[in-house]
**Q** 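Okay, here's the structure, questions in a sec.
Being a predicted model, the structure only gives us computed values, none of them experimental. Every chain is numbered from 1, with letters handed out A, B, ... down the list of sequences. All heavy atoms count here, side chains included; hydrogens, waters and symmetry mates do not.
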Amino acid sequence: MSAPPPEDLVKHWESEQARLRQQVVEEDTEEWQTSPDFSGLERVGGVDLSFIKGDDVNACAQLVVLSYPDLEVLYEDSQMVTLTAPYIAGFLAFRETPFLLEALQRLKRNQPRLLPQVVFVDGNGLFHYREFGLACHLGVLSGLPCVGVAKNLLQVQGVYKSEEHQSQIAALQKGGDSFPLAAASGKVLGKALRSSDKSSKPVYVSIGHKISVDTAVHLTHSCCRYRVPEPIRQADFRSREYLRTHFPAADT
DNA sequence: GCGACAG
DNA sequence: ATCTTGTCGC
């Protein structure tokens with residue numbers, strides 16, 4: 001068996017996304033999600049992958065679990081992995097999900113009591129070309145509630161960086177303020193959120209699995225000390241730190 | 001041809 | 001994702 005040509009690969013990936021898309025649960029399913037202050041929520045997870053400068057194959061897969069509401073690190077796992085799939089916009093999950101799932105499996109096997117009750121993913125969830133971004137993919141395959149947080153706006157589903165969009169951003173006065181990102185159909189696929197009073201640039205929140213948009217936005221805001229929610233920020237920081245200490249200047 | 005293109 | 005330090009401002 002040889003690797004299928006890129007075109008066939010993309011076709012296969014598209015059908016795979018369409019199939020898994022049907023399994024996404026777009027509503028709150030957990031008890032803690034119904035509480036205004038999320039009482040019952042004790043652990044929030046964050047995942048990320050970091051790469052070495054000129055290498056897009058070897059990366060550090062990171063999983064962190066923080067306490068809630070204190071946001072203190074309870075668990076950390078850094079693991080070097082070898083990626084096989086290329087990065088193609090719209091198919092990020094096929095490149096990263098396998099390794100993020102492995103990290104969750106290691107945790108489940110070694111310290112099941114530390115499994116997070118919700119996982120923050122850097123990237124989009126429903127706010128995606130086919131309404132099935134990385135956060136949905138990881139959510140469906142892991143069965144865990146997931147929230148997608150993108151640092152940049154994906155211009156898709158009729159959402160553009162228009163004058164109107166810019167003015168809506170300017171109207172976000174304080175941390176917690178948000179406005180909906182609606183598809184041409186009118187369906188709200190996510191929300192632009194001013195995550196803290198200081199950051200004027202919003203983050204784009206969309207649900208991954210087993211959580212409603214409004215709960216996802218509220219939760220994201222409550223996990224932000226800075227612009228990027230703490231679980232993702234810690235995962236990013238620690239995976240980069242791992243690469244720094246284990247792979248110093250790869251020069252001559 | 002031009003612009004977009006999560007990480 | 002990564003290449004990259006200081007710097008201007010609150």
Side-chain angles (χ1 to χ4, degrees), chain A residues 6 10 13-14 17 21 24 46-63 78-101 103 119-139 146-162 165 173-175 181 183 189-193 195-209 216 220 226-229 231-244 246-251:
Chain A
V10 170
W13 282 351
E14 286 181 340
Q17 291 182 324
R21 168 73 183 84
V24 173
V47 291
D48 189 34
L49 253 63
S50 285
F51 299 77
I52 302 177
K53 46 185 178 181
D55 188 343
D56 60 340
V57 170
N58 297 106
C60 176
Q62 188 77 34
L63 166 62
S78 306
Q79 177 65 56
M80 286 307 296
V81 299
T82 301
L83 286 72
T84 55
Y87 168 67
I88 298 177
F91 301 96
L92 176 63
F94 293 95
R95 181 169 163 77
E96 305 194 345
T97 297
F99 309 101
L100 301 180
L101 273 175
V119 178
F120 278 93
V121 179
D122 60 273
N124 298 295
L126 270 197
F127 188 58
H128 176 270
Y129 303 97
R130 292 165 294 281
E131 298 187 10
F132 197 70
L134 175 59
C136 296
H137 208 119
L138 184 65
C146 286
V147 175
V149 179
K151 295 181 288 295
N152 296 296
L153 177 69
L154 184 60
Q155 300 194 131
V156 67
Q157 297 272 9
V159 178
Y160 305 104
K161 293 178 182 173
S162 59
H165 183 78
Q173 296 299 302
K174 61 183 191 307
L181 300 173
L189 299 178
K191 291 195 173 184
L193 166 73
S195 52
S196 78
D197 291 324
K198 293 173 182 175
S199 62
S200 57
K201 182 177 179 178
V203 290
Y204 300 92
V205 181
S206 61
I207 74 159
H209 189 48
T220 298
Y226 302 99
R227 177 175 177 250
V228 175
I232 292 177
R233 187 166 162 274
Q234 286 300 323
D236 176 77
F237 185 80
R238 289 162 192 262
S239 56
R240 291 196 199 194
E241 177 181 64
Y242 184 91
L243 292 180
R244 281 207 311 274
H246 294 263
F247 299 89
D251 291 82

**Q** For Phe94(A) and His137(A), take the angle between the two ring planes, folded into 0 to 90°, and tell me which bin it lands in: parallel under 30, tilted 30 to 60, perpendicular over 60.
**A**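 Perpendicular.
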**Q** What nucleotide among dT2(C), dG7(B), dA4(B) has an atom nearest to a side-chain atom of Ser50(A)?
**A**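 Within the option list, the nearest is dT2(C).
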**Q** Reckon Asn124(A) touches a base, only the sugar-phosphate, or nothing at all at heavy-atom distances under 4.0 Å?
**A**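 Base, at least one base heavy atom under 4.0 Å.
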**Q** Expressed as a whole number of angstroms, how long is the span from Leu189(A):CG to dA6(B):P?
**A** 17 Å
**Q** Using whole Å, what does the distance between atom C1' of nucleotide dA1(C) and atom CE of Met80(A) come to?
**A** 13 Å
**Q** Base, sugar-phosphate or nothing for Gly90(A)? Non-hydrogen atoms, less than 4.0 Å.
**A** base
**Q** Report the nucleotide, chosen from dC5(B), dG7(B), dT2(C), that has the shortest atom-to-atom distance to any side-chain atom of Tyr129(A).
**A** dC5(B)
**Q** Name the nucleic acid region contacted by Lys151(A), choosing base, sugar-phosphate or nothing; use a 4.0 angstrom heavy-atom cut-off, strictly under.
**A**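 Touches sugar-phosphate only.
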**Q** If only side-chain N and O atoms of Tyr87(A) are considered, is one of them under 4.0 Å from the OP1 or OP2 phosphate oxygen of dA1(C)?
**A** no
**Q** Roughly how many Å is it from NZ in Lys161(A) to P in dA4(B), rounded to a whole number?
**A** 8 Å
**Q** Among the nucleotides dA6(B), dT2(C), dA4(B), which one has an atom lying closest to any side-chain atom of Phe51(A)?
**A**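 Selected nucleotide: dT2(C).
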**Q** When the distance from CG of Leu83(A) to P of dT2(C) is rounded to whole Å, what number comes out?
**A** 13 Å
**Q** Could you tell me the separation between the CZ atom of Phe91(A) and the P atom of dA6(B), rounded to a whole number of Å?
**A**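 Rounded to the whole Å, the gap is 13 Å.
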**Q** What about His246(A) and Tyr242(A), are their ring centers closer than 6.0 Å?
**A**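 Yes: the rings meet the under 6.0 Å criterion.
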**Q** Whole-Å distance between dA6(B) P and Gln17(A) CD?
**A**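 Result: 14 Å.
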**Q** Starting at atom CZ of Phe99(A), determine the distance to atom P of dG7(B), rounded to an integer number of angstrom.
**A**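 Answer to the nearest Å: 19 Å.
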**Q** Kindly indicate, with the supporting measurements, whether the criterion side chain to side chain contact (heavy atoms under 4.5 Å, CB included) is fulfilled by Arg130(A) and Phe91(A).
**A** CA-CA 10 Å; Arg130(A) 292 165 294 281; Phe91(A) 301 96; 3.1 Å; yes
**Q** Report which part of the nucleic acid Ile88(A) touches: base, sugar-phosphate, or nothing (heavy-atom distance under 4.0 Å, all strands).
**A**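 Nothing, no nucleic acid heavy atom in range.
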**Q** When you compare the side chain of Val205(A) with that of Val147(A), does any pair of heavy atoms fall below 4.5 Å?
**A** yes
**Q** Between dA6(B), dG7(B), dA4(B), which nucleotide has the shortest distance from any of its atoms to the side chain of Arg95(A)?
**A** dG7(B)
**Q** By nearest atom, which of the nucleotides dG7(B), dT2(C), dC5(B) is closest to the Leu154(A) side chain?
**A**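 Comparing dG7(B), dT2(C), dC5(B) against the side chain of Leu154(A), the answer is dC5(B).
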**Q** Quick one: Arg240(A) CZ to dC3(C) C1', roughly how many Å, whole number?
**A**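 From Arg240(A) CZ to dC3(C) C1': 12 Å.
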**Q** Quick check: do Leu100(A) and Leu63(A) have side-chain heavy atoms less than 4.5 Å from each other?
**A**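 A side-chain contact is absent here, since even the closest heavy-atom pair is not under 4.5 Å.
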**Q** Between dA6(B), dG7(B), dT2(C), spot the one nearest the side chain of Asp48(A), thanks.
**A** dG7(B)
